[in-house]
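Below, chains carry the letters A, B, ... as their sequence lines are ordered, and counting in each starts from 1.
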Protein chains: 2
Amino acid sequence: MCMTKYEREIYRLITESTGHMSAEQVFHEVKNIYPSVSLATIYNNLNKLSDAGMIRKISVEGSPDRYDRPAKHDHMVCRRCGKLMDVQFRDLTDVLKSQMNEEFLFYDLKVYYICPKCRRKEEDGTVR
Amino acid sequence: MCMTKYEREIYRLITESTGHMSAEQVFHEVKNIYPSVSLATIYNNLNKLSDAGMIRKISVEGSPDRYDRPAKHDHMVCRRCGKLMDVQFRDLTDVLKSQMNEEFLFYDLKVYYICPKCRRKEEDGTVR
DNA sequence: AATAATTTTAGAATAATTCTAAAAAAGTGA
DNA sequence: TCACTTTTTTAGAATTATTCTAAAATTATT
């Protein structure tokens, strides 16, 4: 067998969902289908998939790691709530290559902002 | 008093050193000067300084947060050992602004590569 | 000096993740 | 199919990084 049922299910969840799920969220989803699954299995498989380059691990300070489809894209991160949003900026590979002599594997671009929801809250005055 | 002795010392360490120190490393350095300092104080002050924008917190998956001078610059990250290196690519602020309608606060660009040390190890054949 | 506010401390608590060793499941070959 | 090897899963302990807590110490204010 090529992929175990857990690998398959986790891969499907990460790539078909709107993405950005934490290990804990994946755990709850998988539990709906295979109630006996353990959290260690989720971590095992998330690591295996991300080592194999089939999914992508995203870490943002202050929140648990999240997992995303592997296709190249960038992220907007809300400075307040940590919410991630996919965004596709112009590809920088060539620009970066021309500015360095070393080879590189890939790059990770995060643009920090205040998401509409948090901005509204701040404008309400109550929260800061 | 404007800054406590710990704030002052920690700020100095982060901004004058070659940077990229973890809380634990800062702790050991500060301990040399003020042997009674506790780790909680280090975290308190690192957070205070980074909330105030006086230092910058960098998080890379798989390693503890590190702290850096606040001046705008980018990072190369070794995919194997996690070592950080400062690098100054062309500023992207305008390029990014022109590609989105929202305002943003700042961006974070990390370029992943294999550092010379780790590359050498891999070429030796022994380690993979 | 008396009081109030801030900072520091030690250690407990929490959160995220990895490790461990045993059990279960899957794959292999005679 | 049976015996055996390999891989995967499991539960729970262990680890790591960080925050929280409440008391003690220090600093500032009246």
Spacing of [X] atom [atom1] relative to [N] atom [atom2], expressed in whole Å:
X: H28(A); N: dA16(C); atom1: NE2; atom2: C1'; value: 13 Å
X: Q25(B); N: dA17(D); atom1: CD; atom2: P; value: 11 Å
X: E24(A); N: dT14(C); atom1: CD; atom2: C1'; value: 13 Å
X: N47(B); N: dA17(D); atom1: CG; atom2: P; value: 16 Å

Side chain proximity check, Y113(B) to M85(B), heavy atoms < 4.5 angstrom: yes

Short side-chain N/O contact to dT17(C) OP1/OP2 from Y43(A), under 4.0 Å: yes

Atom of A23(B), atom of L39(B) and distance for their closest heavy-atom approach: O-CD1, 4.4 Å

Assess the side chains of [X] and [Y]: does a donor N or O sit below 3.5 Å from an acceptor N or O?
X: S63(B); Y: R66(B); answer: yes
X: D68(A); Y: H75(A); answer: yes
X: S36(B); Y: K31(B); answer: no

Contact letters for nucleotides 6-13 of chain C, in which S counts primed atoms plus P, OP1 and OP2 and B counts the base, heavy atoms under 4.0 Å: -SBBBB--

Heavy atoms of other groups near K57(B) NZ, more than 12 under 6.0 Å: yes

Any donor-acceptor N/O pair, Q99(B) side chain to V95(B) backbone, under 3.5 Å: yes

Interface residues of residues 51-68 of chain A with DNA chain C (non-hydrogen, below 4.0 angstrom): P64(A), D65(A)

Partner nucleotide of dG27(C) by Watson-Crick or wobble geometry (both distances under 3.5 Å): dC4(D)

Within the 6.0 Å centroid threshold, strictly below: Y6(A) and Y34(A): yes

